[in-house]
Amino acid sequence: MEIPVIRNVLEANTRLAGNLKRRFAEHGVLALNLISSPGAGKTTLLERTLKDLAGEFRMAVIEGDLQTDNDARRVAATGAQAVQINTDGGCHLDSGMVEDALASFQLDQIDILFIENVGNLVCPVEFDCGEDAKIALLSVTEGDDKPEKYPLLFHRAAVMLLNKIDLLPYVDFNTATAAAHARRLNKDLDLFEISCRTGEGLEPWYAWLRQAVQRKRNVNAAHGQA
């Protein structure tokens, strides 16, 4: 009797992610997968980052949403390249979607590629999109227990951005508690408290990006890549 074997959907995605990593490495592209709940401020963060660092880096964005191209339009208004992926109900982006979106870009003309994933703290974490790092964005309006309740993202992320700190006087959120939960999961996590609305705290985030780009360039130089 033949027994059908159904392979894990993540297996195929992992293979594609490996191909994407090689492509990004060949072109010296720093790829960052930005993950948060809906409304945490991903697109606003990108708008500020794209505008403020426009003179330093060539940047592009892959936008993931269930419907509409609203966020891609906001990103494109900054002058950055943008491609919209509509998942039509899907809760995450995967490597195949990202690979298809790359057809719209010339990778040798990009320093940083931001992948703004579908708003969700669970599904997007499981699917590697070939990124160099996952960036977790948490807003103070969500609750300081989110790292404890959704541990995988904060365990795998390189950076946690704690957004909307200008609202701290008006919400019941303890930044030390959120940080403790997150660092219990990931002792190497870089954590920045920011307000995309006021600009507070964004410079350390920009410094992290500069260092990450330089690290990628150094690795490529060591391997004789462009």
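When a residue number appears, it is its place in the shown sequence, counting from 1.
Heavy-atom contacts from other residues, nucleotides or ligands closer than 6.0 Å to NE2 of His155 number 12 or fewer. Counting heavy-atom neighbours within 6.0 Å of Asn218 CG, excluding the residue itself, gives a total above 12.
Counting only heavy atoms from C-beta outward, the side chains of Val83 and Glu63 never approach each other to under 4.5 Å. With contacts defined as side-chain heavy-atom distances shorter than 4.5 Å, the pair Met160/Arg183 does not qualify. In this structure, the side chains of Glu200 and Ile165 come closer than 4.5 Å at one or more pairs of heavy atoms. Annotation: side chain of Leu209 is in contact with side chain of Phe114 (closest heavy-atom distance under 4.5 Å). Between Ile135 and Trp205 there is a side-chain heavy-atom pair separated by less than 4.5 Å. At least one side-chain heavy atom of Val61 sits less than 4.5 Å from a side-chain heavy atom of Leu50. Considering only heavy atoms from C-beta on, Asp111 stays 4.5 Å or farther from Met59 through its side chain. Annotation: side chain of Pro124 is not in contact with side chain of Asn33 (no heavy-atom distance under 4.5 Å).
A side-chain contact (heavy atoms from CB on, under 4.5 Å) with Leu161 is found for exactly one of Ile194, Leu138, Leu202, namely Ile194. Exactly one of Arg215, Lys216, Arg210, Arg217 qualifies for a side-chain contact (heavy atoms from CB on, under 4.5 Å) with Val213. That residue is Arg217.
Put simply, Leu185 and Tyr150 are part of the same group of oily side chains (I, L, V, M, F, W, Y) that touch within less than 4.5 Å, one to the next. Leu20 and Val29 end up in the same hydrophobic cluster when Ile, Leu, Val, Met, Phe, Trp and Tyr side chains are linked at under 4.5 Å. Under the 4.5 Å side-chain heavy-atom criterion for Ile, Leu, Val, Met, Phe, Trp and Tyr, Leu34 and Leu30 are members of the same hydrophobic cluster. In this structure, Val159 is not a member of the same hydrophobic cluster as Ile35, with clusters built from ILVMFWY side-chain heavy atoms closer than 4.5 Å. When the side chains of ILVMFWY residues are joined at heavy-atom separations under 4.5 Å, either directly or via intervening members, Phe154 and Leu191 end up in a single hydrophobic cluster.
Side chains of Asp65 and Asn86: a donor-acceptor N/O pair is absent below 3.5 angstrom, by distance only. With 3.5 Å as the limit, one finds a donor-acceptor pair spanning the side chains of Ser139 and Glu142. Looking at Lys42 and Ser36, their side chains do bring a donor and an acceptor atom within 3.5 Å of each other. Side chains of Asn19 and Glu99: a donor-acceptor N/O pair is absent below 3.5 angstrom, by distance only. Between the side chains of Asp166 and Thr198, no donor-acceptor pair is found at a separation under 3.5 Å.
From Thr43, atom OG1 reaches atom CG of Asn70 across 9.5 Å, with rounding to the nearest 0.5 Å. Of the inter-residue distances, the one linking Ile115 atom CD1 with Ser95 atom OG reads 8.0 Å to the nearest 0.5 angstrom. Summarising the geometry, atom CE belonging to Met97 is positioned 5.5 Å from atom NE2 belonging to His92; distances are rounded to the nearest 0.5 Å. Expressed to the nearest 0.5 Å, how far CG of Leu121 lies from CG of Leu153 amounts to 6.0 Å. In this structure, CG on Asn163 lies 8.5 Å from OG1 on Thr141, to the nearest 0.5 angstrom. One distance of note links CZ of Phe192 with CG of Leu162; it measures 12.0 Å at 0.5 Å rounding.
Smallest separation of non-hydrogen atoms from Arg48 and Arg197: NH1-O, 3.6 Å. The minimum heavy-atom distance between Glu126 and Leu10, with the atom names listed, is O-CD2, 3.5 Å. The two residues Ala178 and Pro147 make their nearest non-hydrogen contact at O-CG, 3.8 Å. Between Phe24 and Cys129, the shortest heavy-atom contact is CE1-O, 4.1 Å. Contact detail for Ala60 and Ile110: the closest heavy-atom pair is CB-CD1, 3.7 Å. Closest approach of Leu107 and His27 over heavy atoms only: CB-CG, 3.6 Å.
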key: Full working for side chain to side chain contact (heavy atoms under 4.5 Å, CB included) between Leu32 and Ile112   = CA-CA 8 Å; Leu32 301 174; Ile112 305 175; 4.3 Å; yes

message = Show, in sequence, the C-alpha distance, side-chain angles and deciding distance for Thr68 and Arg73, and conclude whether the side-chain hydrogen bond (donor to acceptor under 3.5 Å, both in side chains) test is met.
response = CA-CA 10 Å; Thr68 81; Arg73 289 178 180 274; over 6 Å; no

inquiry  = Apply salt bridge (Lys or Arg N to Asp or Glu O under 4.0 Å) to residues Glu11 and Arg15 and explain how you reach the verdict.
reply    = CA-CA 7 Å; Glu11 185 177 314; Arg15 287 197 300 272; 3.5 Å; yes

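Looking only at distances, no side-chain donor or acceptor of Asn13 sits under 3.5 Å from a matching main-chain atom of Gly96.
With sequence neighbours left out, Asp128 forms a side chain to side chain donor-acceptor pair (under 3.5 Å) with Lys21.
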